[in-house]
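Note that the coordinates shown come from a computational prediction; the quantities given were computed from them, not determined experimentally.
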Amino acid sequence: MPKNSKVTQREHSNEHVTESVADLLALEEPVDYKQSVLNVAGETGGKQKAAEEELDVEDRPAWNSKLQYILAQIGFSVGLGNIWRFPYLCQKNGGGAYLVPYLVLLIIIGIPLFFLELAVGQRIRRGSIGVWHYVCPRLGGIGFSSCIVCLFVGLYYNVIIGWSVFYFFKSFQYPLPWSECPVIRNGTVAVVEPECEKSSATTYFWYREALDISNSISESGGLNWKMTLCLLVAWSIVGMAVVKGIQSSGKVMYFSSLFPYVVLACFLVRGLLLRGAVDGILHMFTPKLDKMLDPQVWREAATQVFFALGLGFGGVIAFSSYNKQDNNCHFDAALVSFINFFTSVLATLVVFAVLGFKANIMNEKCVVENAEKILGYLNSNVLSRDLIPPHVNFSHLTTKDYSEMYNVIMTVKEKQFPALGLDPCLLEDELDKSVQGTGLAFIAFTEAMTHFPASPFWSVMFFLMLINLGLGSMIGTMAGITTPIIDTFKVPKEIFTVGCCVFAFFVGLLFVQRSGNYFVTMFDDYSATLPLTVIVILENIAVAWIYGTKKFMQELTEMLGFRPYRFYFYMWKFVSPLFMAVLTTASIIQLGVSPPGYSAWIKEEAAERYLYFPNWAMALLITLIAVATLPIPVVFILRHFHLLSDGSNTLSVSYKKGRMMKDISNLEENDETRFILSKVPSEAPSPMPTHRSYLGPGSTSPLETSGNPNGRYGSGYLLASTPESEL
């Protein structure tokens, strides 16, 4: 710079002079910022790195429309858990009473944290690894943990899609193959399969024909070739959907996100027309108020909120990172959360309407079977005909008549009654039978559909819906893996995505052994829950307590154009971390008090039996939890002791394509320099003022007055306005 320049003279003056950026730039030699890259106090290769990252942001894919983005978020958050886990939790935890803790936790934890993930992804425009490295480099391991949890979930989740594929193809026949027990013929003698006769046709088909399950997790039994082929089909579908990133998955979402609602609406209309549907719905919405005070109910409600909204997986952040920075993510958070809750309630109505129909069918079957027992006792003079009310007609026996007859016999034959083996046949008992997870979809619901007119059609629709629900969630799960890895390590997208699918298929063979269903239980119920809780609470702490809630709220104001409600400030700062700390503690205590186990199907008994995991399985489970959470302390230690660079030793300024990019890497410990993050001029006004005060040589540069060194991303680049926008 010339010694007699205006700026140089003022560096040796103590006067405070206010000068515009235009005046300062006008006195210097012109720079062709559209063509050149300027490296200030930089390391070798800084120019190339700055230019590469600028081009990376400019070339970042974007959603074709707001509708496509919303459908992607809905497809990720609305999954198989909405169809079978939420109804099961309602049934188990007090019916309508369960909705109270769920709604409370959705409002104070779910929506605020969902909004937080949407905001950081949209603001920083990177996957989970880049986002949390920017917010707090020492907690950069959160992003890696999210990737690992996504991998664990994707491994078993796609197996469930494979099961749905198997049932889908089996549905193209009449009668449905699970409607009747198979008959074994030995010459001229034909007998019903004993395992099926002791259980039911749908239960037998699920455990024996589909899974061919072993008696315990310790009995591998080899691969189930039918499910291996279905798993290959499932991973092929997922691979084709995600191979091009959001360019391919975004188009898939138009069908995979909307089709399930068409099917649910059809099932709701059909279910409401079924006999006994009202009984099921009334049973569901009849609240058991004592359950509302049960801590276990609140813990399960909080876990369901995490899984329902996809918190901590990284998929929410990945999808949001492809948005424009002026997108109203606050509206998106409220909309997607409402649709998710609405879907859960809609699915619960459908499930309980159908289960009410099934309960009536099973109750009538119970009445017929026990009436035959009573007739046998009457014919053998074990019971006197005087015990039978005169109006009872065995040819047209109603449940009310049977209940009256049952109560009379129980009262008169009090001592001999247990030996008679009569069942009360109460409708409430059938409705209270909780069927969890896969059992609800592949046993209870399939059994109900066998009684539908045109049952193959409804079966095809149901399992096609499950495939699409699973596909939407898998697209988000894969985005939680591929987006941060591709952003951080710049690997080729198509090759890496295909490689992930191939790798996951071969590892997923663990779940298509004859004992594979027990490993699905291990991964689903235990391996992901605790790590996810830890990830979400650390995300909240990183933003609210390290990055700073006030600072984050200010950046949201600049990004959105309005200030979010004060409600979010208190939720992020105090309420959500407290509730999640309690949840984490409760989860750890629960694991200690109730050792992990699984429901095993015992072939000889044709019944389920709860077994505890053996020692080697417990060691595997602990290893999975440790692997999922290990990156967090490892990255923290490495960066705390400067064994791993947090990326920021240099300040490079590049002028390219009409935008200014600044890069900070490896700053000294006592250097509090932070980049001022602003938006592209086309998206929002720059938060930088048009004029700045130059305070002389003893003062601090404007670039050196901004906060905390923890707020850097990777190589630390951030976007600012073009030089023209400052003039």
Side-chain angles (χ1 to χ4, degrees), residues 77 81-82 85-86 88-90 92-94 97-117 128 132 139 141-142 145-146 148-150 152-153 291-314 316 333 337 340-341 344 436-437 522-546 549 567-568 570-596 621-622 624-626 628-629 632-633:
S77 64
N82 297 76
R85 182 165 176 79
F86 188 89
Y88 160 73
L89 291 174
C90 282
K92 174 187 174 186
N93 296 319
Y98 174 74
L99 298 180
V100 175
Y102 184 85
L103 272 174
V104 170
L105 292 171
L106 180 65
I107 292 171
I108 67 175
I109 293 181
I111 295 178
L113 295 182
F114 189 60
F115 178 33
L116 183 147
E117 290 200 358
S128 57
W132 300 115
L139 290 181
I142 295 175
S145 289
S146 293
I148 295 173
V149 170
C150 279
F152 288 170
V153 171
K291 290 284 190 178
M292 291 174 55
L293 302 177
D294 188 350
Q296 177 68 12
V297 174
W298 286 80
R299 189 182 72 85
E300 291 187 343
T303 303
Q304 178 62 17
V305 167
F306 285 168
F307 276 92
L309 294 176
L311 299 177
F313 285 95
V316 172
S337 299
N340 188 288
F341 176 70
S344 297
Q436 182 179 8
M522 176 190 292
F523 275 67
D524 187 25
D525 292 349
Y526 302 105
S527 69
T529 303
L530 185 59
L532 269 181
T533 308
V534 173
I535 288 170
V536 174
I537 193 172
L538 287 177
E539 287 180 354
N540 198 166
I541 291 172
V543 171
W545 290 93
I546 298 177
T549 310
F567 163 81
Y568 292 106
Y570 294 109
M571 292 300 105
W572 291 332
K573 190 78 171 179
F574 305 109
V575 179
S576 295
L578 177 62
F579 267 80
M580 289 187 295
V582 172
L583 175 62
T584 304
T585 304
S587 299
I588 295 173
I589 293 174
Q590 180 69 20
L591 284 175
V593 172
S594 302
L621 176 58
I622 293 171
L624 291 173
I625 295 174
T629 54
I632 298 172

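- In this structure, CD1 on Ile535 lies 12.0 Å from CE on Met580, to the nearest 0.5 angstrom.
- Thr629 places no side-chain N or O within 3.5 Å of a backbone atom of Pro531 that could act as its donor or acceptor partner.
- Using a 30° and 60° split on the angle between ring planes, Tyr102 and Tyr98 fall in the tilted class, from 30° to 60°.
- Rounding to the nearest 0.5 Å gives a distance of 5.5 Å between OG1 of Thr533 and CZ of Phe306.
- No donor-acceptor pair closer than 3.5 Å links the side chain of Ser527 to the backbone N or O of Leu621.
- The aromatic rings of Phe313 and Phe307 sit perpendicular, their planes meeting at an angle over 60°, well past the 30° parallel limit.
- With values rounded to the nearest 0.5 angstrom, Asn82 atom CG is found 5.0 Å from Asn340 atom CG.
- In this structure, CD1 on Ile111 lies 6.5 Å from OH on Tyr568, to the nearest 0.5 angstrom.
- Rounding to the nearest 0.5 Å gives a distance of 11.0 Å between NZ of Lys573 and CD1 of Ile541.
- Aromatic rings from Phe115 and Trp572 are positioned such that their centres are separated by under 6.0 Å.
- Between the side chain of Ser145 and the backbone N or O of Ala628 there is at least one donor-acceptor pair closer than 3.5 Å.
- Judged by distance alone, the side chain of Asn540 and the main-chain N or O of Leu113 form no donor-acceptor pair under 3.5 Å.
- Distance alone, capped at 3.5 Å, places no donor-acceptor pair between the Ser77 side chain and the Leu309 backbone.
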Does Glu300 form a side chain to side chain donor-acceptor pair (under 3.5 Å) with Gln296? I'd like the steps, not just the answer.
CA-CA 6 Å; Glu300 291 187 343; Gln296 177 68 12; 3.2 Å; yes

